[in-house]
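Just so you know, these numbers use all the heavy atoms, side chains as well, and skip hydrogens, waters and symmetry mates.
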Amino acid sequence: MKVTLKDVASQAGVGTATVERVLNGRGGVRAETVEKVFLAARRLEYRQSLPVAHRGLIRIEVILVRPETSFYSRLNRAFERIAASLDDSIVVHRTFVRENEPAQFARYIANPTTRRSALIVVAPDHADVVTSVRKAADLGIPVVQIMTRPAPELPYVGIDNYAAGRTAAHYMSGMLAQRPGSFVALCHSGAYENHKERIRGFSSYLSANASNEGSNEHRFIEVMFDLDDEHNAMELLQTALRREPGIIGVYSAGGDNKGVARVIEANKAGRPFWVGHELTAETQDYLRRGIMSIVLDQAPEVQARRSIDLALNRLGLIEVEVSAEPVRFLTITSENL
């Protein structure tokens, strides 16, 4: 059955004259209305392209943090490559917002500088930020949380961070089964739900699998918040090693690895078993040199692709169902680089 202008108008909730103006590029129609007409036409397969004047009409905004870090730089490049593969009607607009200013972060979500059709966001677990994310979703636009999930009722794309923490503890306690001693962990802060979940998983595994034999006992003694800062990480870990000579395992649940690497490399006499996150040129080097034991990589390229697909699906631009399962993280050692 042939789709008509009247069908598109009914789907978009506007008049047929408005649809005709939009699809023929006659102008004089608000951007929000043009978007409604375009989405309705795409859903009904009335027309696959827009007039040149309306190219870039669908704006998916991606809000990220810390562009200077290896992980977010990698994630940003992934979004950039995906954006280049989309048709001219879709723009992926990437914005970096300061994570240590949650009030400003929340204001930006609530008051975007440009109109957005969908939002993909790395959201700190702060009340104001979470409230703004929920309000954005209440406006009816697709909202996708990536990397971390402070609003559990909203769509999320990322790994199972609790499982990642348990995996780190599984390998650490297994490889050190014959050595009694203490474990410590470092992470950014309590600002991100993904870091908190990793620490919960790490602690949970160790508690559930605690040895009854005192000689083989492993104790999880401390979580240190380094704000993903190299100097903070160095100072905190050095202090912990001086205070507790029996530390045999270090789990870095956050993103900074440089400071940890420098401390562990210098501690040649009793080098701890170190599990960290994100495969970068640096962590590959640490694995090769035996400074780092295991890297858990959360495949940011997969997260970027899936979050874009989810936004497009929610907008009605693609029909392919997007998996709601956690993204699989990869376990990397010196043997499978």
#### Entry: V129 vs V121 side-chain heavy atoms within contact, under 4.5 Å
no

#### Entry: R66, H188, K258 screened by side chain to side chain donor-acceptor pair (under 3.5 Å) with D228, the one that passes
R66

### Message
Can you confirm whether V133 sits close enough to V143 that some side-chain heavy atom of one is under 4.5 Å from a side-chain heavy atom of the other?
### Response
yes

### Query
Hey, does T148 have a side-chain heavy atom less than 4.5 Å from the side chain of N161?
no

### Query
In terms of ring plane angle, is the pair F183 and F202 parallel, tilted or perpendicular, where the classes change at 30° and 60°?
tilted

### Task
Work out which heavy atom in D226 is nearest to a heavy atom in A233; give both atom names and the distance.
OD2-CB, 3.6 Å

### Summary
When every non-hydrogen atom of F225 is compared with those of S189, the smallest separation belongs to CD2-CA, 3.4 Å

### Message
Which residues pass the side-chain contact (heavy atoms from CB on, under 4.5 Å) test with E153, not counting sequence neighbours?
### Response
R134, A151

### Side-chain touch F71/M147, heavy atoms, less than 4.5 angstrom
yes

### Query
So, does S203 use its side chain to make a donor-acceptor pair with the main chain of I199 at under 3.5 Å?
no

#### Entry: Shortest non-hydrogen contact from H195 toward A253
CD2-O, 3.4 Å

### Summary
Note: S85 and I82 closest approach over all heavy atoms is OG-O, 2.6 Å

### Message
Please determine whether side chain to side chain contact (heavy atoms under 4.5 Å, CB included) holds for the pair F105 and N100, giving the CA-CA distance in whole Å, both sets of side-chain angles, and the decisive distance to 0.1 Å.
### Response
CA-CA 9 Å; F105 202 122; N100 58 350; over 6 Å; no

### Task
Indicate, with yes or no, if the rings of F79 and H93 have centres closer together than 6.0 Å.
no

### Query
Would you say S204 and R166 make side-chain contact, with heavy atoms under 4.5 Å?
yes

### Query
Are any non-hydrogen side-chain atoms of I159 and R198 less than 4.5 angstrom apart?
yes

### Expected output: side-chain S117 to main-chain I58 donor-acceptor under 3.5 Å
no

### 4.5 Å side-chain heavy-atom contact, L64 and N76
yes

#### Entry: Hydrophobic cluster (4.5 angstrom, side-chain heavy atoms) - remaining members for V295
V184, L186, I221, M224, M234, L236, L237, L241, I247, V250, V260, V263, I264, W274, L279, Y286, L287, I291, M292, L330, I332, L337

### Task
Mind listing the closest non-hydrogen atom pair of H277 and S252 along with its distance?
CD2-O, 3.5 Å

### Message
Going by the rule salt bridge (charged side-chain N to carboxylate O under 4.0 Å, His left out), which residues pair with E193 if we only count those two or more places apart in sequence or in a different chain?
### Response
K196, R200

### Task
Decide side chain to side chain contact (heavy atoms under 4.5 Å, CB included) for L312 and V322; before the verdict, give the C-alpha distance in whole Å, the side-chain angles of both, and the deciding distance to 0.1 Å.
CA-CA 10 Å; L312 294 175; V322 182; over 6 Å; no

### Task
Working to the nearest 0.5 Å, report the span between CZ of R328 and CG of D160.
9.0 Å

### Task
List the steps, then state whether side chain to side chain contact (heavy atoms under 4.5 Å, CB included) holds for V327 with Q298.
CA-CA 7 Å; V327 171; Q298 59 181 312; over 6 Å; no

### Message
Under 3.5 Å, is there a donor on one side chain and an acceptor on the other for S182 and R219?
### Response
yes

#### Entry: Side-chain donor-acceptor contact under 3.5 Å, S70 with R74
no

#### Entry: E319 CD: over 12 foreign heavy atoms closer than 6.0 Å
no

### Query
Are any non-hydrogen side-chain atoms of N267 and P272 less than 4.5 angstrom apart?
yes

### Task
Might you confirm whether atom CZ of R98 has over 12 heavy atoms from other residues, nucleotides or ligands at distances under 6.0 Å?
no

### Message
Between T95 and E61, is there a side-chain donor-acceptor contact under 3.5 Å, judged purely by atom types and distance?
### Response
yes

### Message
Counting only heavy atoms not in E235 (residues, nucleotides, ligands), do more than 12 fall under 6.0 Å from its CD?
### Response
no

### Message
Applying a strict under-4.5 Å side-chain criterion to I, L, V, M, F, W and Y, I'd like to know whether Y156 and I141 cluster together.
### Response
no

### Query
Is there a side chain to side chain contact (heavy atoms under 4.5 Å, CB included) between H218 and M172 once you walk through the steps?
CA-CA 10 Å; H218 294 146; M172 192 178 293; over 6 Å; no

### Summary
Taken to the nearest 0.5 Å, the spacing of L119 CG from L154 CG works out to 10.0 Å

### Message
If we ignore hydrogens and angles and just use 3.5 Å, is the side chain of N336 paired with the main-chain N or O of T331 as donor and acceptor?
### Response
yes

### Query
Should the pair R289-E265 be classified as a salt bridge under the 4.0 Å nitrogen-to-oxygen rule?
yes

### Message
If hydrophobic clusters are built from ILVMFWY residues whose side chains come within less than 4.5 Å, do L315 and I318 share one?
### Response
yes

### Message
Quick one, Y171 with S293, criterion side-chain hydrogen bond (donor to acceptor under 3.5 Å, both in side chains). Give me CA distance, side-chain angles, the key distance, then yes/no.
### Response
CA-CA 9 Å; Y171 281 112; S293 307; over 6 Å; no

### Task
Indicate if V122 and V92 have the same hydrophobic cluster label, given that clusters are the connected sets of ILVMFWY residues with side-chain heavy-atom separations under 4.5 angstrom.
yes

### Task
Report, as yes or no, whether the 6.0 Å neighbourhood of atom CZ on R262 holds more than 12 heavy atoms from other residues, nucleotides or ligands.
no

